[in-house]
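Here is the structure we will look at, set down as C-alpha cells.
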Amino acid sequence: MESPEIFRKEAHKIIDWIADYYSEIEKYPVKAGCKPGSIFSKIPENAPEKPTDMEQIFTDFEKIIMPGITHWQSPDFFAYFPANSSFPSILAEFLTSALGAQCMKWETSPAATELEEAVMIWLRKMTGLPNHFEGVIQDSGSTSTLCAILTARENADHFDVNDNGLSGKQAFRVYCSAEAHSSVEKATKIAGIGKNNLVKIGLDKEFRMRPDLLDLAIQQDIIKGMKPICVVAAIGTTGSTAIDPLDEIAEICRKYNLWLHIDAAFAGSALILPEYRWMIKGVEFADSIVFNPHKWLFTNFDCSAYFVKNSETLINTFKLIPEYLKTQIPEHVNDYSNWGIQLGRRFRALKLWFVIRSFGVTGLQEKLRTQIAIAGSLKTWIKNHPDFEIMAPVHFNLVCFRFHPSGINDADQLNNLNEKLLLALNNTGKLYISHTKLDGCYTLRMVTGQTHVTLTHVERAWKLIIEKSTTI
Ligand SMILES: Cc1ncc(COP(=O)(O)O)c(C=O)c1O
C-alpha cells in the first residue's frame with residue numbers, strides 16, 4: 001500500500017471501525033477468554049512471500065486478534081491500574097506514527113524536544129511541584145525508577161561505578177516499603193545493587209512505610225559498614241494506594257544525605273487537584289518523582305512523567321555522545337536521549353499536549369473528582385453490606401475489599417472464597433477486577449479509573465458481585 005490515496009481510503013475505514021468499537025465496547029467480554037496458544041496457532045508459521053491486501057489483513061485482525069484482546073478501555077474494566085486512553089490522545093498517536101519522528105536529540109526533531117520541555121513545565125505547574133524540578137518523558141514508571149536508582153548510585157559514588165563498575169565496593173543499600181512496586185526491586189537488580197540490598201521497611205496499619213523502622217534500618221546498615229544511598233517513597237502503592245509519610249521520610253533522607261525518589265506512578269495524577277497536595281509535603285527535598293499520565297491522565301500508554309531536582313546529575317549518569325551523534329547545535333538545547341536509557345525516543349509529548357489542551361486543566365480535574373466520588377459510592381455500598389468489608393483506606397479511586405460472610409473467620413477459607421469470587425466474576429466477561437494480598441488477606445481491587453466509567457457501570461458491577469457471592 002504505497003499510494004497516499006489508498007492509504008486515505010483504508011484509514012477512513014479504520015477510523016470508522018475505531019468509532020464503532022468505542023460505541024459498542026461494552027458488548028465485548030472485558031477479559032479475553034481465549035486459551036493459551038489459541039492466537040499463536042492461527043498465525044501462519046512463515047511470513048507471506050507476496051503482499052496481502054488490507055481487506056484480508058483487517059478481516060484477520062477481527063477474526064484472529066480481537067478474540068484475544070482484553071478490553072482495557074471498557075468502562076467495565078476495573079482491574080490493576082488503568083492504562084486509560086482518550087480520543088484526543090488517540091488522534092495525537094495517529095500523528096505521531098504518521099510523522100514517525102525519532103526524537104533522540106534536539107536536532108532530530110526540534111519541535112518534539114521543545115514541546116516536551118513545555119508540556120513538562122505545564123505538568124509541573126499543574127501538579128504543584130516546586131519550580132526547581134525539570135521533567136522528561138520516559139516510557140514507563142519502571143524505567144523512571146530505574147533512572148532514579150542509577151542516578152542515586154552514581155551520585156553517591158562520584159560517578160565512579162559508571163567508569164569502573166561495582167567490583168570491590170561497599171554494598172549499596174536502597175530502602176522502600178514492603179508494599180512498594182516490584183519495579184523498585186527490578187531496578188536494584190539491573191543497577192547491580194542486588195535485590196538483597198533492597199531493604200523492605202515494615203508498614204503501619206494503613207500500609208504506609210514506618211519512618212521509625214526506616215531510620216533504624218539505615219542506622220543498622222551503617223554500623224554493618226554498608227552504604228545507604230536511596231529511599232523510594234510511594235505515593236499510592238499498587239496494592240492499596242497507600243501514601244507513605246513523605247515529610248518524615250524526607251527528613252530522614254536529609255539526615256543521612258540519601259537520594260529520595262518518589263514513586264507516584266498512579267496516584268501522582270491526583271496532584272492536579274489542590275486538595276491532594278498535602279500528600280507531597282516535603283517534596284522540595286526529593287531528588288526525583290515519577291507519575292504516569294498513561295495510568296490516570298487519559299494519555300495513551302506509554303507516557304511517564306519523570307521530574308528531577310538536578311538535571312545535571314541525571315545527564316552525567318546517562319550522557320554518551322559518539323561521533324555519529326555529534327551535531328553543530330550548541331550545548332544549551334536538550335538532547336533528551338541523555339536524560340535516560342533509550343537513545344531512540346518516540347514523540348510522546350504530542351499526545352500529552354493534545355490531551356491537556358482538549359480537556360483543559362479544569363476538565364481533567366473534573367474527571368478525576370468524578371471518578372474519586374464514584375469510588376466513594378462503591379466504598380459506602382460495601383461498608384453497608386453485612387457480608388463485605390473494606391480492606392484499606394480509599395484515598396483515590398481504588399477500592400480494596402473482600403467478601404466476608406458472617407460465621408466464616410478462618411483466614412484460608414476466606415482467601416479461597418475471595419479467589420473463587422474473583423474467578424467467577426471475571427469469567428462472566430461482564431467486568432474485570434484484580435486482586436492483591438494485604439496483610440496476608442486475599443483482597444479484591446476495583447479501580448474506577450477508566451476514561452468512560454460512570455456510576456451506572458459501577459452500580460451494575462456491584463450488583464453482579466453481590467449476586468455471584470451467593471453462588472460460590
Ligand atoms: C506504584 C507503581 N509504580 C510503578 C509501576 C510501574 O509502572 P509502569 O507499568 O509504567 O512501568 C506501577 C504499575 O502499576 C505502580 O503501580
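One-based numbering, in listed order, for ligands and for the atoms of each. Worth saying up front: this structure is predicted, and the values here are computed from it rather than measured.
Both tests do not hold together for R124 against F133: distance to the six-membered ring centre under 6.0 Å, angle to the ring axis within 45°.
Summary of contacts: the protein heavy atom closest to atom 6 (C) of ligand 1 is H181 CE1, 3.4 Å. Nearest non-hydrogen protein atom to atom 10 (O) of ligand 1 is G141 N, 2.7 Å. The shortest contact between atom 16 (O) of ligand 1 and any protein heavy atom is with T238 OG1, 2.8 Å. The protein atom (non-hydrogen) at minimum distance from atom 11 (O) of ligand 1 is S142 OG, 2.5 Å. Closest to atom 3 (N) of ligand 1, if we only count protein heavy atoms, is D263 OD2, 2.6 Å. Here the protein heavy atom with the shortest distance to atom 9 (O) of ligand 1 is K295 NZ, 3.7 Å.
Per-residue contacts place H294 under 4.0 angstrom from the following atoms of ligand 1 (heavy atoms of the residue considered): 10 (O). Close approach of ligand 1 to S140 is summarised as follows: ligand atoms under 4.0 Å from at least one heavy atom of the residue are 8 (P), 10 (O), 11 (O). Those atoms of ligand 1 with a heavy atom of F81 less than 4.0 angstrom away are 14 (O), 16 (O).
Of all the heavy atoms of F266, none lies under 4.0 Å from any atom of ligand 1, so neither backbone nor side chain is involved. Contacts between S183 and ligand 1, counted as non-hydrogen atom pairs separated by less than 4.0 Å, involve the side chain only. Looking at N292 against ligand 1, only its side chain comes within 4.0 Å, counting heavy atoms.
Of the options D139, N300, T96, a side chain to side chain contact (heavy atoms under 4.5 Å, CB included) to R348 is made by D139 and by none of the others.
Environment of NZ in K169: crowded, with over 12 heavy atoms of neighbouring residues, nucleotides or ligands closer than 6.0 Å.
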Pair K255-D215, salt bridge (charged side-chain N to carboxylate O under 4.0 Å, His left out): steps then yes or no: CA-CA 9 Å; K255 179 167 145 193; D215 199 326; 2.7 Å; yes

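By the 4.0 Å N-to-carboxylate-O rule, R254 lies close enough to E251 to be salt-bridged with it. Salt-bridge formation is detected for the pair D302/K351: a Lys NZ or Arg NE/NH1/NH2 atom is positioned less than 4.0 Å from an Asp or Glu carboxylate oxygen.
Outside the 6.0 Å centre-distance limit, the rings of F77 and H452 are not counted as a close aromatic pair.
Side-chain contact between C147 and F318 is present, with heavy atoms from C-beta onward closer than 4.5 Å.
With hydrogens and angles ignored, the 3.5 Å screen pairs a side-chain donor or acceptor of S97 with a backbone N or O of F94.
Not a single N or O atom of G236, backbone or side chain, sits closer than 3.5 Å to an N or O atom of ligand 1.
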